[in-house]
Amino acid sequence: METVTLTIKDQPGLYLEADTISPDALAGKKAEEIAGLPVYIGKEEHRLGDFFDVSGRAGATAAETKIVVGGDLSRVKYIGMKMTGGEVVVNGNADMYVGAWMQGGKITVNGNVDAFAGTGMKGGELIVKGNAGNYLGAAYRGDWRGMSGGKITVTGNAGSDLGTFMTGGEIVIGGDVDVHVATHAEGGKIIVKGNAKSRVGGQMVEGEIYVFGSIDLMMPGFAYREDVDIEVDGTKGRFALYEGDLGERHRKRKGQMIYGKLYQQIRA
């Protein structure tokens with residue numbers, strides 16, 4: 001795998017839209033060609049090299065290309081958006097849409113990400129070694145297609161509207177989450193190792209949510225079924241199983257009604 005290193009040298013005054021920071025866009029290109037790729041500030045087109053020092057060279061394909069991005073990227077959007085393969089390592093905080101609509105490959109962010117990271121994600125792996133903002137793995141506003149595949153891991157906390165309209169894939173949060181988890185979900189798995197606020201699983205029809213800590217307010221559409229002993233992401237424990245959201249229409253499979261499942265760990 002060939003490596004391209006991008007180091008920010010000139011902070012944009014406004015937010016920089018840089019979906020070209022992707023193995024797919026860089027594949028087969030030399031450093032000078034990569035520096036000439038377009039980025040945008042509003043309607044203004046600029047060169048990637050206007051803001052980043054570029055070194056190294058890309059592999060022949062996306063799968064053979066690794067990108068290491070360094071510096072304060074808190075004003076850089078769309079890193080790794082729609083990527084299909086290869087690897088991106090972000091050494092710093094990044095703005096919105098990291099890994100949005102991602103289809104394959106791996107992104108590691110050694111810092112925090114803002115909203116809509118992994119939105120509409122279809123495959124691959126996104127690892128955030130910090131905190132994530134709102135709408136992680138969710139659908140874009142006005143859309144009904146959230147995350148459908150792949151895995152997102154956040155070692156810190158996540159904001160609100162996690163996994164909205166999620167249909168598949170897995171999200172693991174090491175810390176706490178804000179309100180609205182898996183709203184309208186029709187599949188997938190969400191693991192919250194910290195605490196959750198209210199509206200967990202609202203209008204959920206299928207999928208699984210695991211909460212290791214407290215839930216401020218349980219949705220009235222979830223009914224307690226039983227206590228179960230299970231292993232979740234390497235942790236064995238006893239969980240209370242709730243099914244819901246009972247206010248929604250649910251499909252039948254092999255004659256059995258399918259419900260969303262919400263597990264909350266029982267602490268001694």
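Any value given below was found using the heavy atoms of this structure, including those in side chains, with hydrogens, waters and symmetry copies removed.
If you chain together hydrophobic residues whose side chains sit under 4.5 Å apart, I209 and Y259 never meet in one group. Under the 4.5 Å side-chain heavy-atom criterion for grouping Ile, Leu, Val, Met, Phe, Trp and Tyr, V68 is not connected to V88 through any hydrophobic cluster. Connection of V232 to V228 is established within a shared hydrophobic cluster, with ILVMFWY side chains joined at heavy-atom distances below 4.5 Å, either directly or through further cluster members. V4 and V90 fall within the same hydrophobic cluster, where Ile, Leu, Val, Met, Phe, Trp and Tyr residues are linked whenever their side-chain heavy atoms come under 4.5 Å apart, directly or through other members. In the hydrophobic clustering of ILVMFWY residues, with side-chain heavy atoms under 4.5 Å counting as a link, V177 and F212 come out apart.
With H250 contributing its side chain and V205 its backbone, the two residues share a donor-acceptor pair below 3.5 Å. With hydrogens and angles disregarded, no donor-acceptor distance shorter than 3.5 Å links the side chain of N134 to the backbone of D161.
For the side-chain hydrogen bond (donor to acceptor under 3.5 Å, both in side chains) condition, the pairs that include at least one residue of residues 45-71, sequence neighbours left out, are Y40-E45, E44-H46, R47-D50, T61-E64. Sorted by first then second residue, the salt bridge (charged side-chain N to carboxylate O under 4.0 Å, His left out) pairs that include residues 235-264, not counting sequence neighbours, are E186-R251, E206-R251, E206-R253, R225-E243, D229-R238, E243-K261.
Looking at every heavy atom in both residues, L16 comes nearest to I41 through CD1-CG1, 3.7 Å. A pairwise comparison of heavy atoms in F222 and G260 identifies CE2-O, 4.1 Å as the closest pair. When all heavy atoms of A58 and G28 are compared, the pair lying nearest together is CB-N, 4.0 Å. Nearest heavy-atom pair across Q265 and F239 is N-CD2, 3.3 Å. The two residues A62 and P23 have their closest heavy-atom pair at O-CB, 3.5 Å. Closest non-hydrogen pair, G130 versus V154, comes out as O-CG1, 3.3 Å.
The OG1 atom of T20 lies 9.0 Å from the CD1 atom of I67; values are rounded to the nearest 0.5 Å. Atom CZ of R199 and atom CD of Q203 lie 11.0 Å apart (nearest 0.5 Å). Distance check: L246 CG to M204 CE gives 12.0 Å after rounding to the nearest 0.5 Å. Rounding to the nearest 0.5 Å places OG of S22 at 11.0 Å from CD1 of I79. The CD atom of E2 sits 12.0 Å away from atom CG of L26, with the distance rounded to the nearest 0.5 Å. Put simply, NZ on K43 and CD on E17 are 12.0 Å apart, with the number rounded to the nearest 0.5 Å.
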Applying side-chain contact (heavy atoms from CB on, under 4.5 Å) to V39 and F51, what does each step give before you reach the verdict? CA-CA 9 Å; V39 292; F51 300 94; 4.2 Å; yes
Test log, rule side-chain contact (heavy atoms from CB on, under 4.5 Å), inputs Q264 and I215: CA-CA 8 Å; Q264 184 179 19; I215 299 174; 3.9 Å; yes
Where do D227 and I266 land on the side-chain contact (heavy atoms from CB on, under 4.5 Å) test, with the steps shown first? CA-CA 9 Å; D227 291 349; I266 298 170; 3.5 Å; yes
Evaluate T155 against V128 for side-chain contact (heavy atoms from CB on, under 4.5 Å), listing each step before the verdict. CA-CA 6 Å; T155 60; V128 179; over 6 Å; no
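D233 pairs by the side chain to side chain donor-acceptor pair (under 3.5 Å) definition with K193, not counting sequence neighbours.
Between L48 and I34 the shortest side-chain heavy-atom distance falls below 4.5 Å. The shortest distance between side-chain heavy atoms of V69 and V89 does not fall below 4.5 Å. L37 is listed as a side-chain neighbour of K29, based on a closest heavy-atom distance under 4.5 Å. Taking the side chain as every heavy atom from C-beta outward, I127 and K151 never approach each other to under 4.5 Å. Between I171 and L136 the shortest side-chain heavy-atom distance falls below 4.5 Å. Side-chain contact check for I190 versus L162: some heavy-atom pair is nearer than 4.5 Å. Considering only heavy atoms from C-beta on, F52 comes within 4.5 Å of V76 through its side chain. Side-chain contact check for I21 versus D19: every heavy-atom pair is 4.5 Å or farther apart.
Annotation: cation-pi pair K77/Y97 absent, no NZ/CZ under 6.0 Å from the ring centroid and within 45° of its normal.
For the residue pair S74/N93, the side-chain donor-acceptor check at 3.5 Å is not satisfied. With hydrogens and angles left out, the side-chain atoms of D216 and S198 include no donor and acceptor closer than 3.5 Å.
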Please table the atom pairs, donor to acceptor, closer than 3.5 Å between any side-chain atom in residues 104-122 and protein atoms at least two apart or in another chain.
{"from": "N110", "atom 1": "ND2", "to": "N91", "atom 2": "OD1", "distance (Å)": "2.8"}
{"from": "N112", "atom 1": "OD1", "to": "N131", "atom 2": "N", "distance (Å)": "2.7"}
{"from": "T119", "atom 1": "OG1", "to": "A138", "atom 2": "O", "distance (Å)": "2.5"}

For residues 5-13, which side-chain donor-acceptor pairs fall under 3.5 Å, sequence neighbours excluded?
{"from": "K9", "atom 1": "NZ", "to": "G49", "atom 2": "O", "distance (Å)": "2.9"}
{"from": "Q11", "atom 1": "NE2", "to": "D72", "atom 2": "O", "distance (Å)": "2.6"}

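By the 30° and 60° cut-offs, the orientation of the rings of Y140 relative to W101 is tilted. Between Y263 and Y210, the angle of the ring planes stays under 30°, which puts this pair in the parallel group of the 30/60° scheme.
In the hydrophobic clustering, F165 connects to W144, either directly or through intervening members, whenever side-chain heavy atoms lie under 4.5 Å apart.
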